[in-house]
Structure formats: structure tokens, C-alpha cells
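Quick notes on the structure that follows.
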Amino acid sequence: MTFEGRRPQTELAALRFLSEDLGLSLTPRVITADLSAGLLVLEDLAPRVPLDQLICRDGVEAHRERLAAFARVLGELGAATAGHEAKYRERYGLLDDSDRFAALWARAHQDAAAVGVPIAGRAASELSAALDELRTPGLFLTLGNGDAESNNCLVHESGPADARLIDFEAAGYGHALLDAVCLYVPGPRWLSVGDPVAAGLADEYRRALAGGVPEAQDDRRYGFALAAACASWALLRLQRFGLLDERVPGDHSRLQLVETVESAARTATAHDAVPALAGWLRQVADTLRRRRPDADVDLSDRAYAPRR
């Protein structure tokens, strides 16, 4: 079965596992399901609304507490599902897709050559080690949402956020810190996400994750894994490099790609991890800025700036 074909099955399995098997209240409950008939009825989470819509409407400062709730619920998801992978596979029998990191290694070298900044030497070695970390997470093995972005977090507009995560069509067991990337590196919705450490989001997530994954308190291991996860997202987004040449100057996708690569590099440097790979990422960003002068804009201090 293809990835697209198993999306409904994956969502149903993840939601039932979380609410019924583990007794968590982090997601909507499944009311009824008949996938053969295309039926999947979930709990109505209204009046909660998507967090990204609130930020776009009111600005990020009005919703700092709701962003903190988003970071916490991502960490809580990882903490609560650590150590339960065997139960998940036994009951639902879904396959993982950890081999995607082997494909990412090969594609990264192709894209690096296309940009004009080949990956070689120590940077290549660090990339290999980073992808190995993501492929074999050890005690960081948790159930991830698979699309951990603010549009997939529903919160109350006022009062306690009482956050819930939705859209588990790409869920699966993998490295916990893949779900943390969205706090450090912009996803499709944003041009930039600012500094999660200064905003307190980094601590909210890490503290919550450490409740079930004590290894998250190890600065060296945590920093390396986080840098690896952010670099992997930057490499995935770099695959769009050729397509963006066709966009008009000033298109936000071109600015976003530069910030994505640079924020991954900043995260690695802040955690004293993969220095050569971080340097390579900066070279890529510099090359993109020279190639596309319209993308030569510093977005590092613009938190949750929407992409148009």
C-alpha cells in the first residue's frame, strides 16, 4: 500500500492508540470508523480553532501562551508514547518509513551539487551521523504527529488553551525531535519562526518531553539530535530549489527557503552540534542570496511572519 493510500488507516490507528490504548486527551477521539466505506467520524473539538489562524489574525504577541501550549503538547505526545512502540505495532501492524533517510542522503548530494555547494569532507560525515541518529533514535523513539505545525494544533481563543493535536495521517514511530523542528525552523505556513529559546518555547517542549524521555535532559545528546532533525527538514525543503527559480522575484517561497536553511544552521550552532554541516548550510544560504538578490533579507528576528 502506498503512503497516500494508508493515510486514513494511519490516522485511525494513531488516534485510537493515543486515546483508547494510552488514555490520553491530546487528540480528538474516534467516534466511529468504516474505512472501507470512507467513513471516519471524530470528536468535535469546537470551539477550539487552529493556532496559526489566531497568530495570522492577531499577531504572535497576542498568542504567546497558546504557542507555549503547542510546544508543551508536542513534548507531552513524545513523553506519553515513549516505550510503547511494540504495543502500537502489535495492535496496528503499520510499517515505518525510516528508510526515507537513506533516500534523503542521496538526494541531498544531488541538490547540493545543483546549488553549487557540494557536501564533502567533514560536513558529509556529520550529515551521515545526523541521519543515522534519526534512523535509529534509541530511547528517543516516540509516536510523532508527522505534520507537527501550528495549523494542526487547535486551541481556545481565550482562557486556558487546552490544546489538541490533529491530522495524524502521516503519524508513526520515529525520532521524537522531528516533531520539535517546527519550533526552530519555519514550516510551509511561515517565513520565519524567530528564536524559540528567547520565547520560552524550547524549554516548554524539552521539559514536557523529559517527563517520559529522561535522555532529553542530556545537553549533548539532545542538541545533536535536534540539530540533525532541523538539518533534515532544511534538506527536504532544499529539494524545491529548482522550482523556485521559476517564481517571480520577491516571492515568499524564495525568502522562506533561505531562512529555513539559515535557521537550521543557527540551531546547530546554538547547541554546539555538527559545526561543519552548519557551515555548509550557511554556504548554501549565502549562495541562494547571491543567486536571488530579492531573497537577501534577514528574517531571523521576525517571529511567526506569515508566508504569502
Salt bridge check: are [X] and [Y] linked by an N-O gap of less than 4.0 Å?
| X | Y | result |
| --- | --- | --- |
| E157 | R66 | no |
| D203 | R206 | no |
| D286 | R290 | no |

- Task: State, with a plain yes or no, whether a side-chain heavy atom of F241 is found less than 4.5 Å away from one of L288.
- Result: yes
Test item: P47 and H156 side chains (from C-beta on) under 4.5 Å apart, heavy atoms:
yes
Would R266 and S300 count as having a side-chain donor-acceptor pair, cut-off 3.5 Å? no
Exercise. Is the closest side-chain donor-acceptor distance between R164 and S25 under 3.5 Å?
Worked result: no
Heavy-atom closest pair (N145 atom, D179 atom, distance to 0.1 Å) is N-OD2, 3.0 Å
Relative to each other, are the rings of Y304 and W190 parallel, tilted or perpendicular (30° and 60° limits)? perpendicular
*Would you please classify the geometry between the F17 ring and the Y88 ring as parallel, tilted or perpendicular, with 30° and 60° separating the classes?*
perpendicular
Residues joined to V297 in its hydrophobic cluster, side chain to side chain under 4.5 Å directly or through other members, sorted by chain and number, are L191, L255, L299
Report task. Check step by step if side chain to side chain contact (heavy atoms under 4.5 Å, CB included) holds for R292 and D245. Result -> CA-CA 8 Å; R292 303 163 179 161; D245 272 346; 2.9 Å; yes
| task | Start with the C-alpha gap between R302 and S192, add the side-chain angles, then the distance that decides, and say whether side-chain hydrogen bond (donor to acceptor under 3.5 Å, both in side chains) holds. | result | CA-CA 6 Å; R302 294 177 58 183; S192 60; 5.4 Å; no
